[in-house]
Number of protein chains: 2
Amino acid sequence: MSKPRGRPARGDGITREQILDAALLLLEEGQGFSMRALAARLTVTPMSLYHHVGDHAGLLRAISDRVYAAVLAGDAAAEDPAARIRTLLVRYHGAVKAYPQLTLAIFAQPAAFAGTTRDITDQLLALLGMLTRDGELWLDILVDHAHGSALAFHALRDHPQQAASMQARYLKALDQLLARLA
Amino acid sequence: MSKPRGRPARGDGITREQILDAALLLLEEGQGFSMRALAARLTVTPMSLYHHVGDHAGLLRAISDRVYAAVLAGDAAAEDPAARIRTLLVRYHGAVKAYPQLTLAIFAQPAAFAGTTRDITDQLLALLGMLTRDGELWLDILVDHAHGSALAFHALRDHPQQAASMQARYLKALDQLLARLA
DNA sequence: ACCTGAACACCGTTCAAGT
DNA sequence: ACCTGAACACCGTTCAAGT
C-alpha cells in the first residue's frame, strides 16, 4: 500500500506544476487549505511538497506569481493608454475575484508578497501618467477600488442573484471613474 | 499553581469584555492569533472562553460588532448629508485600517458576518440617495475604495514613510471622489 | 453557571533514513 | 535529488468532571 521510501522511478515523482495546479484548486474550495490536505490530495507525504515549493509561504508566493503574471499578457503597445488601463484593471479585478482566498492570504502576509503585483502597478502608473498629472492618486483609487470590489464579490458568493450583477456593476463603476479621469 | 477545578469565587472569573479586549489586542499583534494563545494570555483554560463568546467564529463576530458599532456614533441629523457621508467613510476607513486582521478574518468567512456592517452601508445608501440618482453605484465605489485603501495601508505597514502619507492620500482620494459625485 | 483537564483529530515544520 | 516516516510543538473543539 505505501510507497517505497527512496527516490521514485523517473516520471513517478510529483511535479512543481502539478502541486501549483492542485494547490490553486484546493485553496479556492475554501474548506481549509493546508499543506497536509494538499499532500493527501496528491497522494504524497507532506514533506514531499517542501522539496518543490518550499514552505507554506513559498507555495503561496509561487501561486500568486503564476496568477498575476497572466494579467500582464498581451501587447501593451497594441492599445492606446486608456484602453490598456481598462484592460489591465478588468483582468486584475478578474484575477482577484477568481482567487479571493489567495488575495486574502497575500494581504495577511504582505511582507512576503511585496513585489508580486509590482509589475502590474508599475505599468498602470506609467499609463496613467500619460493621461493625468495625478497618476499616483488615480492608481490608488483604481487599484483600491478593484480590490474592494473583488472582495465584496467574494462576500456575496452565496447570493447568486447579487453576485451575477457584480461584474456589470464593477464595469459600470470603472467606466464612471475612468470618465472622471480624462 | 493550578486553579481549582470548579466555579471560581465571585469576581475571580473572566469577563466577556476582558476577553474581547484581549482578543482585539492579540489579533492585531499578528503573531498567530488562536483560542489557545488568547486563553494563555488571560491565564485561563481554552474552554473557559467558549462559555463567554462561543467558538472562534463567535468570538470574531463579537469583536467586529463592537468595532463597527463605533463607526455609527454621533448624531446623523446634526450634519448635512455630504458631511455625514464623509464622516462615516473616514471613520469606517479608520476602523478597517486600525484592525486589518479583523477585516481579513471577516472577508475570509463572509457568510458568518453578513449584516455586521449592514447598518453602516444602509445609512450611507440613504444619504447618497439624497445627493445622486446613482446611489448604489457610488456606495460600491466609496465602500470598495475604503476597503482597498485600508488594506493597502496594512500592506505597507513595514514602510513607515509611505504608510505615514497613506491617510492623507485616502482623504485626498475621497474628496476627489465626493467632488465627482455632486 | 463557570471552570479545569483529558482527549480527538487536526496543523506546519525539522530531522533522519532510505534509494 | 527526491521521497517516506517519526517526531515536536502547535491548533479548535467535545465531553466529562468538579464546585
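Letters A, B, ... are given to chains in the order of the sequence lines, protein chains preceding strands, and every chain is numbered from 1.
When the C1' atom of C/dT14 is taken as reference, atom NE2 of A/His51 falls 14 Å away, rounded to whole Å. For the pair B/Met47 CE and C/dA7 C1', the interatomic distance rounds to 12 Å; values are reported in whole Å. Note: CG (A/Leu42) to P (D/dC3) measures 11 Å, nearest angstrom. Remark: C1' of D/dC10 and CZ of B/Phe33 are 15 Å apart, rounded to the nearest angstrom. Here the P atom of nucleotide C/dT4 and the CG atom of B/Leu49 are 9 Å apart, to the nearest Å. The CG atom of B/Leu38 sits 11 Å away from the P atom of D/dC11 (whole-angstrom rounding). Going from atom CD of B/Gln31 over to atom P of D/dC11 covers 13 Å, rounded to whole Å. As rounded to whole Å, 12 Å separates atom C1' of C/dT14 from atom CZ of A/Arg36.
No close placement of the A/Tyr50 and A/His56 rings is indicated, their centers lying 6.0 Å or farther apart.
Residues A/Arg61 and A/Asp65 are paired through a salt bridge, judged by an N-O separation under 4.0 Å between the basic side chain and the carboxylate. Looking at A/Glu136 and B/Lys172, no side-chain N of the basic residue comes within less than 4.0 Å of a carboxylate O on the acidic one, giving no salt bridge.
Aromatic ring pairs are classed by plane angle as parallel below 30°, tilted from 30° to 60° and perpendicular above 60°; the pair A/Phe107 and A/His147 is perpendicular.
Residue-level contact check: A/Ser34 touches the backbone only, with heavy atoms under 4.0 Å from sugar-phosphate atoms and none from bases.
Applying the Watson-Crick and G-U wobble criteria (two distances, each under 3.5 Å), D/dT13 pairs with C/dA7. Using Watson-Crick or G-U wobble geometry with both donor-acceptor distances under 3.5 Å, C/dC2 finds its partner in D/dG18.
Note on A/Leu177: it does not cluster hydrophobically with A/Leu151, by side-chain heavy-atom contacts below 4.5 Å among ILVMFWY residues.
Taking both residues in full, the closest heavy atoms of B/Leu27 and B/Gln101 are given as O-CG, 3.5 Å, listed atom of the first, atom of the second, then distance. Closest of all the heavy-atom pairs between B/Gln18 and B/Gly13 is OE1-O, 4.4 Å.
Interface residues of residues 52-60 of chain A facing DNA chain C, ordered by number: A/Asp55, A/His56; criterion, heavy-atom separation under 4.0 Å.
Put simply, B/Tyr50 has no side-chain N or O that comes within less than 4.0 Å of OP1 or OP2 on D/dT14.
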